[in-house]
2 protein chains.
Amino acid sequence: MSGTHTDVPSVVSAPLPSPVPAEEYEQCPVTDIVRRVGDKWSVLVIVLLGRRPHRFNELHRGIEGISQRMLTRTLRGLATDGLVRREVFPTVPPGVEYSLTPLGHSLLGPLSALADWVVAHRDDVAAARRAAAAADT
Amino acid sequence: MSGTHTDVPSVVSAPLPSPVPAEEYEQCPVTDIVRRVGDKWSVLVIVLLGRRPHRFNELHRGIEGISQRMLTRTLRGLATDGLVRREVFPTVPPGVEYSLTPLGHSLLGPLSALADWVVAHRDDVAAARRAAAAADT
DNA sequence: CAGCATCCACGTTGATACTG
DNA sequence: CAGTATCAACGTGGATGCTG
């Protein structure tokens, strides 16, 4: 892992001349995806499925705190985006298995980068929040 | 850039024994940060400030579509988390400059990873969405 | 087992108007 | 210039009960 990010490659820094071109950001795909994954449960589900396929109730019990409704919605959303595959086994009782598609699996890498950042800096963020709260008083 | 992510390092895959430990995910810091940055404007603001400091109205005009209210709230949130610094210059008329803190700047790296993923796979996601929409019909 | 349907509470976003 | 205040609208998330 590199220590610093003095220069940042990729689209984040690349296409941004100083005068700011504006409308470019309106339909910014990065924001789009970050929002998709930024809901309350998507990351959790992706990480879980990243380990191995899971059954519906397996996820339901595994996440603890999620409602059936939200789990269903989250899985549907991820499946719609091609990140998760849903397979129904016509057994009795019927079983449904969810797994990461190759596309979904490829998202684990970038997610790891973010996760590493969080782990490395969560104390800084927590300290900043405390400082801000104290400043309010 | 590496082609595949057959094994994914970092916390995303690391601390997840198969039986699923559950409560661990409730206060998952990754979800926490992803949500913070997952709102409608934060990423845009961070990317803009990543290029250079901006004045308030400069950002307001630059993003186009954001309301004063949302820009203020977004900036305040980011400042609270220590990602953005706010500096007031006691000139006439008063000027306020926003810039990324070192902490905020360090987030550009992970954000780049995500951005690269989005750029590389947005067609796949778009195709999956279209396929899902077609399947509904 | 794996959902869907309904109702409800809440937070977030936005339009608009006003201020130091 | 750089906000704050207020009100309205919407989306998200949760509880509960029912179904194939």
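Chain identifiers are assigned alphabetically (A, B, ...) following the order of the sequence lines, protein sequences preceding nucleic acid strands; residue numbering begins at 1 within each chain. These numbers come from a predicted model, not from an experiment.
To the nearest angstrom, P of D/dG3 lies 10 Å from CG of B/L59. When rounded to the nearest whole Å, the span between CD1 of B/I63 and C1' of D/dA2 equals 15 Å.
The shortest side-chain heavy-atom distance between B/R35 and A/K40 falls under the 4.5 Å cut-off. A/P110 has its side chain out of reach of B/D116: every pair of non-hydrogen atoms, C-beta onward, lies at least 4.5 Å apart. Contact of the A/R86 side chain with the A/R76 side chain is registered, since non-hydrogen atoms from C-beta on lie closer than 4.5 Å. Within the 4.5 Å cutoff, the side chain of A/L59 has heavy atoms near those of the A/L75 side chain.
Checked by atom type and distance alone, the side chain of A/T101 pairs as donor or acceptor with a backbone atom of A/G82 at under 3.5 Å. Looking only at distances, a side-chain donor or acceptor of A/H60 sits under 3.5 Å from a matching main-chain atom of A/I66.
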- How would nucleotides 15-20 of chain D be written as a contact map, 5' to 3', with B for base contact, S for sugar-phosphate-only contact and - for no contact, using protein heavy atoms under 4.0 Å? B-B---
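Residues meeting the side chain to side chain contact (heavy atoms under 4.5 Å, CB included) test with B/R55, sequence neighbours left out: B/E58. Every residue was checked against the side chain to side chain contact (heavy atoms under 4.5 Å, CB included) condition with B/V92, not counting sequence neighbours, and none meets it. Listed by chain and number, the residues in a salt bridge (charged side-chain N to carboxylate O under 4.0 Å, His left out) with A/R36 are A/D81 (sequence neighbours excluded).
Within residues 70-91 of chain B, the residues having any heavy atom closer than 4.0 Å to DNA chain D are, in order of number, B/T72, B/R76, B/R86.
Remark: A/R129 engages B/D32 in a salt bridge, criterion side-chain N to carboxylate O under 4.0 Å.
Applying the 4.0 Å criterion to OP1 and OP2 of D/dG3, one finds that B/Y98 has a side-chain N or O inside that range.
Using a 4.0 Å cutoff to heavy atoms of chain A, the contacted part of DNA chain C runs 5' to 3' from C/dC1 to C/dT6.
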